[in-house]
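A note on names: the letters A, B, ... follow the listed sequences, proteins ahead of strands, and every chain is numbered from 1. Quick note: numbers below take in every heavy atom, side chains included, and nothing from hydrogens, waters or symmetry partners.
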Amino acid sequence: MKSDFSPTAIETKWQQKWDEAGVYKVDLKKAKDPYYAMAMFPYPSGDKLHVGHWYNFAPADSYARYQKMLGKDVFESMGFDAFGLPAENYAIKTGVHPNQSIKENVQTMIKQLKRMGCMYDWDKMVNTSTPEYYQWTQWLFLQMYSKGLAYKKKANVNWCPKDQTVLANEQVKEGLCERCGTTVIQKPLEQWFWKITDYAQRLLDGLKDLDWPEKTKIMQRNWIGRSEGVNFTCKIKDLGIEFEVYDSIPQTHKAQTFAVIAPDHPMVKDLVKGTEHEKEVLAFAVKIAKKKAAGKFDIDTDMEGIFTGRFVEDPFGMGDLPIWVASFVVTDYGTGIVLCSAHDERDFAFAKKYDLPLRPVLLPSDPDQAELVKKGEVFYRQPDGIMQLPAAFKGMTWAEAREPIIDYIEKTGLGYRAVHYRLRDWLVSRQRYWGAPIPIVYDPEGNPHPIPEEHLPWLLPTDVEFKPTGESPLTQSKEFIERTEKIFGKGWRPEFDTMDTFVCSSFYYLRYLMAENTPKKSQKPKTKSQQLVDPVLEKKWMPVDIYIGGPEHATMHLIYARFVMMALHDAGIVSRDEPFKRLVHQGFITNKGAKMSKSKGNVVSPDPLVELHGADVFRMFLMFMGPFTDGGDWSDTGIKGVDRFVQRVWKLITERVKEEVNDEQLKPALHATIKRVTDSINRLQFNTAISALMEFLNTAEKKEMISGTTARTFVLLLTPLAPHLSEELWEKLGSQGFVVEQSWPSYDESLLVASTLTIAVQINGKLRGTIDVPADATDADIITQAKEQENVKKYLEGAIIKKEIYVKGKLVSLVV
RNA sequence: GCCGAAGUGGCGGAAUUGGUAGACGCGCACGACUCAAAAUCGUGUACCGCAAGGUGUGAGGGUUCGAUUCCCUCCUUCGGCACCA
């Protein structure tokens, strides 16, 4: 049965056969043992599919195939995150409408994805830029609005001057636009927000039960930034204005010596109104605000302040505290006003700069060192002769003192325990064209009203230019305004902003479960069966069993999706809080150390290599590069090794299999291989799975002929990794059915125990020889034998053995 | 500065609870086949040394009969955060 191996022909053949037989179609309703395998859906950019996509999707598919062979009803989803800036920027450059370019890119990418031979059930594909999809994005907005979770407010927001749109906090990385790298500035604008802060504690608590990478959980925890401390109510002297302050280091209680307020705090004006300080202070506030707006504020060089002339009225019986406006204080954390002490780096530096008094609470007592000794030992002292706290606190360490002091503060009634979070509300509106229109209209008085559901999808108008002007492009659409007036009345205006694309991707895992039922364009989603998600399917399939994607989404998509799922749960739409039970991040593929991107022109296309070697070889090569979660720098050296492996497998199975030949001696190796491959795939370490198969091949090739059983088992092990090749070999072996529908082989434990053991012999921790002993030899026998080993003997001559250690089945260690 | 991950041959990487470091593959060298080359197959390949032997998992200490694995200090690289009192 000798024949040549031609990957492309084989791969095309089996993709067709699978397709015809519908082996990857899943009946979501009938599935008995659902397994929802999902990779983060791609953005259909002009780059097409690059090696990074393959690196993500191919192993994800191999793992899903393994689950299928374990007997699960696997649903592997695929779709497109099609709204967003790149298509719009492309349109600005070329004049091609995003609708057009996205359609083309999606078509190309589907073709490329199909070439990979993954188990995607294409009937359930989603594309977020289609009205069928974005009506649900809009519906979600209305849900949020009706639950009071969507609101509009004027605030300083992150503005990208290049993309001419606002950005969510999560989209600003190191002060730069996450998309284009431009310095982000602050701009006061009226924007739509979603109240993710209401869910801060739940988002934090939920993490502990998730099977997610620890580092991702840590990133989310830091992002949420829960801080515990004490709130105090204070008064401005002579003005009687009451305000709250938050203090997260209660150890400094009664040791505060001044107060600082944020330059853009609304109370600043009231403090200085009509005083000699007014002009100067307000000018200072404006100066700092400008610096911050330009994104140029740097705490190290720009630590500045100015005295307001006002005091906090003796908050703790230790005297009045002067209030300064200080550049480093932020308005929107805590209450924007802070009581300062010696034991904070910034407060300390500020006090030194403006010669403000300090009252340290830690030994040593030198106020010049106060901040530096925070890690120092003993807490509590009375440098100015005033007893600050009860004597019970004396001698406590900084850490020990914390809780008792909070208790003490509460008991004295001066303040109360409080929790603050760093998490801010999610800014969801964007001044761009290519997104889902926000389903809100304004009456002639300018009051917002939700668009009734029957008008969904609230279509994105097409009579729009894309030039970013800083104003929403939708304002140019005559049709959009006419449509609004026609439905709602004269003088009514639509909301011109669109939604952040992260809204689209915050619930797509639910839409996959419904995509088959999506009405045609002509239909409107009004009937009962047309809902965001069928509760029965949701209950059955959610949460997603394994979600695979890049770590760059740790504080964006992955936190938004959790928030939206929780909000939907509270609204009774879904049955649980968390969308992704298990999360895995694939590693990042770089090119000469740099991130692949079109602008750098270093994107590597997989197509030529796939053409040359076939999809199986290419995907195995990517898996063989190293651990899936590590990624690495791109290089195609080494693909040859996998190619050779495939050629040799082909040769062995097509030329050297004889059904009834006796190859009993191969059995232990075969079963060891089953175990190794199984364990490796379980841990998503495809590299070691492949090397185990290579090792077995090396062993098997030494035999003249191998049996049908051995060959079939080997092909089964290869199936998740190289599905097309395996299918062809399965057929050549005369086996029934699709190999991709066979069960995963199991191994016989008893065959894994070797009949002879090789024991290492060490003297003083150095390897001096090995001995072969029967598996049933006694410990004493083995030690005796070890001492008689030739090389060992040499070292034992004239030496006294002080200690003998035998590690079962592994080694003998002698100490002389 | 803070949080996290990682440093092993010329290269990608192996080595589940401490137990024969370098599996598997690339590359390289030599050999076979060939007029020749490619492909393929075989042998070798951590370093020093002719050898006996010694040295080796970023550096330095420590625990242990025994450390890539555990502990301490430090260095480098990568990822995230950075005014949140």
Trainee: Counting side-chain heavy atoms from CB outward, which of C41(B), C83(B), A39(B) is closest to Lys292(A)?
Mentor: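 Output: C83(B).
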
Trainee: Under a 3.5 Å limit for both distances, which nucleotide forms a Watson-Crick or G-U wobble pair with C84(B), could you say?
Mentor: none

Trainee: Within the structure shown, what part of the strands sits under 4.0 Å from Phe645(A) by heavy-atom distance: base, sugar-phosphate, or nothing?
Mentor: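 Contact class for Phe645(A): none.
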
Trainee: Provide, to the nearest angstrom, the distance between the CD atom belonging to Glu701(A) and the P atom belonging to C41(B).
Mentor: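 Distance check: Glu701(A) CD to C41(B) P gives 7 Å.
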
Trainee: Across all strands, who's sitting opposite G4(B) as a Watson-Crick or G-U wobble pair, both distances under 3.5 Å?
Mentor: C78(B)

Trainee: Of all the choices, G25(B), C84(B), A85(B), which nucleotide is nearest to the side chain of Val329(A) once you look at every atom?
Mentor: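 Closest nucleotide to the Val329(A) side chain: A85(B).
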
Trainee: Between G54(B) atom P and Lys766(A) atom NZ, what is the distance in whole Å?
Mentor: 7 Å

Trainee: Out of A52(B), U20(B), G27(B), which has the shortest distance to the side chain of Ala760(A)?
Mentor: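 Nearest nucleotide to the side chain: U20(B).
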
Trainee: Pull up the glycosidic torsion of G9(B) and say syn or anti, syn being anything within 90° of 0.
Mentor: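 That one's syn.
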
Trainee: Whole Å only: how far is the CH2 atom of Trp324(A) from the P atom of A85(B)?
Mentor: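 So the CH2-P distance, Trp324(A) to A85(B), works out to 23 Å.
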
Trainee: Is Glu552(A) side chain donor-acceptor paired with the G79(B) base, going by distance under 3.5 Å alone?
Mentor: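 No, no donor-acceptor pair under 3.5 Å.
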
Trainee: Using the C1' atom as the reference point in each nucleotide, state the distance between G56(B) and G9(B) in Å, no decimals.
Mentor: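 So the two C1' atoms sit 10 Å from each other.
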
Trainee: With rounding to whole Å, what would you report as the distance between A6(B) and G10(B) at their P atoms?
Mentor: 23 Å

Trainee: Do Phe350(A) and Phe328(A) make a side-chain contact, defined as non-hydrogen atoms from C-beta onward lying under 4.5 Å apart?
Mentor: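 Yes, at least one pair of side-chain atoms sits under 4.5 Å.
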
Trainee: Under 4.0 angstrom, heavy atoms only, what part of the nucleic acid is Asn698(A) near: base, sugar-phosphate, or nothing?
Mentor: sugar-phosphate

Trainee: Who is the Watson-Crick or G-U wobble partner of A21(B), with both distances under 3.5 Å?
Mentor: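 Partner of A21(B): none.
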
Trainee: Checking all strands, does Asp247(A) fall into the base, sugar-phosphate, or nothing category for heavy-atom contacts under 4.0 angstrom?
Mentor: sugar-phosphate

Trainee: How close do Lys217(A) and Leu207(A) get, counting heavy atoms only, and between which atoms?
Mentor: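 Closest approach of Lys217(A) to Leu207(A), heavy atoms only: NZ-O, 3.0 Å.
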
Trainee: Side chain of Pro627(A) only, heavy atoms from C-beta on: which candidate in G25(B), A14(B), G19(B) is closest?
Mentor: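 Output: A14(B).
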
Trainee: Just by distance, no angles: are the side chains of Asn231(A) and Glu244(A) close enough, under 3.5 Å, to form a donor-acceptor pair?
Mentor: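 Side chains of Asn231(A) and Glu244(A): pair found under 3.5 Å.
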
Trainee: In this structure, how many angstroms lie between the P atom of G80(B) and the CG atom of Asn222(A), rounded?
Mentor: 14 Å

Trainee: In whole Å, what separates the C1' atom of U43(B) from that of A36(B)?
Mentor: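 After rounding to an integer number of Å, I get 23 Å for this pair.
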
Trainee: Would you indicate which nucleotide in G25(B), C83(B), G19(B) comes nearest to any side-chain atom of Ile299(A)?
Mentor: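 Looking only at side-chain atoms, Ile299(A) lies closest to C83(B).
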
Trainee: Work out which heavy atom in Arg359(A) is nearest to a heavy atom in Gln256(A); give both atom names and the distance.
Mentor: NH1-O, 4.0 Å

Trainee: Could you work out which one of A15(B), A85(B), G19(B) sits closest to the side chain of Val338(A)?
Mentor: A85(B)

Trainee: Establish, yes or no, whether a centroid distance under 6.0 Å links the rings of Phe645(A) and Phe624(A).
Mentor: no

Trainee: Given the side-chain rings of Phe232(A) and Phe316(A), with only the six-membered ring counted for Trp, is the space between their centroids under 6.0 Å?
Mentor: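 Between Phe232(A) and Phe316(A), the centre distance is under 6.0 Å.
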
Trainee: Counting any heavy atom closer than 4.0 Å, what does Tyr795(A) reach on the DNA or RNA strands: base, sugar-phosphate only, or nothing?
Mentor: sugar-phosphate

Trainee: Taking for each residue the nucleotide of RNA chain B bearing the nearest heavy atom, is the 5' side occupied by Asn687(A) or by Leu767(A)?
Mentor: Asn687(A)

Trainee: Is Lys292(A) positioned over the aromatic face of Phe297(A), cation under 6.0 angstrom from the ring centre and no more than 45 degrees off axis?
Mentor: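 Yes, a cation-pi geometry holds between Lys292(A) and Phe297(A).
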
Trainee: Once you apply a heavy-atom cut-off of 4.0 Å, does Arg226(A) come out as touching a base, just sugar-phosphate, or nothing?
Mentor: nothing

Trainee: Does any N or O in the side chain of Asp247(A) come within less than 3.5 Å of the main-chain N or O of Val230(A), such that one atom is a donor and the other an acceptor?
Mentor: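 Pair absent, no side-chain N/O of Asp247(A) close to backbone of Val230(A).
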
Trainee: Both distances under 3.5 Å, Watson-Crick or G-U wobble: report the partner of C47(B), or none.
Mentor: G54(B)

Trainee: Quick check: on RNA chain B, is the nucleotide nearest Gly334(A) upstream (toward 5') of the one nearest Arg676(A), or the reverse? Name the residue that is more 5'.
Mentor: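 Its nearest nucleotide lies further toward 5', so the answer is Arg676(A).
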
Trainee: Quick one: label Ser813(A) by what it contacts on the DNA or RNA (base, sugar-phosphate, nothing), any heavy atom closer than 4.0 Å.
Mentor: base

Trainee: Taking any strand in view, what nucleotide pairs with G66(B) in a Watson-Crick or G-U wobble way, both distances under 3.5 Å?
Mentor: none

Trainee: Any base atoms under 4.0 Å from Lys794(A), or only sugar-phosphate, or nothing? Heavy atoms, all strands.
Mentor: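 Sugar-phosphate contact only - Lys794(A) comes under 4.0 Å of backbone atoms but never of a base.
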
Trainee: Is there a side-chain polar atom (N or O) of Arg644(A) under 4.0 Å from OP1 or OP2 of C26(B)?
Mentor: yes

Trainee: Nearest whole Å is fine: how far is C83(B) P from Arg346(A) CZ?
Mentor: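 The answer, rounded to whole Å, is 9 Å.
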
Trainee: Given U20(B), A15(B), A85(B), identify the nucleotide with an atom nearest to the side chain of Leu811(A).
Mentor: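 For the Leu811(A) side chain, the nearest candidate turns out to be U20(B).
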
Trainee: Tell me which nucleotide among G19(B), A85(B), C24(B) gets nearest to the side chain of Ser691(A).
Mentor: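 Nearest to the side chain of Ser691(A) among the choices is C24(B).
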
Trainee: Distance check, C1' atoms only: C70(B) and U63(B), in whole angstrom units.
Mentor: 8 Å

Trainee: Just checking Tyr560(A) against Trp426(A), ring centres under 6.0 Å apart?
Mentor: yes

Trainee: To the side chain of Phe328(A), which of G25(B), A14(B), A85(B) is closest?
Mentor: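 Nearest listed nucleotide: A85(B).
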
Trainee: Take atom C1' in U17(B) and the same atom in C11(B), then report the distance between them in whole Å.
Mentor: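 My reading of the C1' atoms in U17(B) and C11(B) gives 32 Å.
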
Trainee: Say you pick atom P in C75(B) and the same atom in C26(B); how far apart are they, in whole Å?
Mentor: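 Taking atom P in both C75(B) and C26(B), they lie 40 Å apart.
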
Trainee: Within the structure provided, determine whether Asn222(A) and Ile218(A) are in side-chain contact (heavy-atom separation under 4.5 Å).
Mentor: yes

Trainee: Could you tell me the Watson-Crick or G-U partner of A59(B), where both distances fall under 3.5 Å? Say none if there is no partner.
Mentor: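 In the structure as shown, A59(B) has U73(B) as its Watson-Crick or wobble partner.
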
Trainee: Looking only at the side chain of Phe624(A) (C-beta and beyond, no hydrogens), which of the listed nucleotides C3(B), U20(B), C24(B) gets closest?
Mentor: C24(B)

Trainee: Using atom P of each nucleotide, how far apart are G49(B) and C2(B) to the nearest Å?
Mentor: 45 Å

Trainee: Strictly by Watson-Crick or wobble contacts shorter than 3.5 Å, is anything paired with C30(B), and which nucleotide is it?
Mentor: G42(B)

Trainee: Using the P atoms only, state how far A59(B) lies from U64(B), rounded to an integer number of Å.
Mentor: 23 Å

Trainee: Give the rounded distance in Å between these two atoms: CG of Asn169(A) and P of G80(B).
Mentor: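 Taking atom P of G80(B) as the reference, CG of Asn169(A) is at 17 Å.
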
Trainee: Nearest whole Å is fine: how far is C81(B) P from Arg221(A) CZ?
Mentor: 17 Å

Trainee: Taking pairing as Watson-Crick or G-U wobble with both contacts under 3.5 Å, can you name the mate of A36(B), or confirm there isn't one?
Mentor: none

Trainee: I'd like to know if Arg648(A) reaches the base of C41(B) with its side chain, counting only an N/O donor and acceptor under 3.5 Å.
Mentor: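 No such pair is found, so the answer is no.
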
Trainee: Look at Lys640(A) and C26(B) and indicate whether a side-chain polar atom (N or O) is within less than 4.0 Å of OP1 or OP2.
Mentor: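 Negative; the distance criterion is not met.
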
Trainee: Measuring to OP1 and OP2 of A85(B), would you say a side-chain N or O of Tyr333(A) lies under 4.0 angstrom away?
Mentor: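 Yes, because at least one side-chain N or O of Tyr333(A) sits under 4.0 Å from OP1 or OP2 of A85(B).
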
Trainee: May I have the distance from Glu655(A) (atom CD) to U40(B) (atom P), rounded to whole angstrom?
Mentor: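 Taking CD of Glu655(A) and P of U40(B), I get 15 Å after rounding.
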
Trainee: Could you check whether the side chain of Lys215(A) and the base of C3(B) have a donor-acceptor pair of N or O atoms closer than 3.5 Å, going by distance alone?
Mentor: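 Check fails, no donor-acceptor contact within cut-off.
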
Trainee: Have a look at Ser227(A) and say if it touches a base, only the backbone sugar-phosphate, or nothing, with a 4.0 Å heavy-atom cut-off.
Mentor: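 Here Ser227(A) touches the backbone only, sparing every base.
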
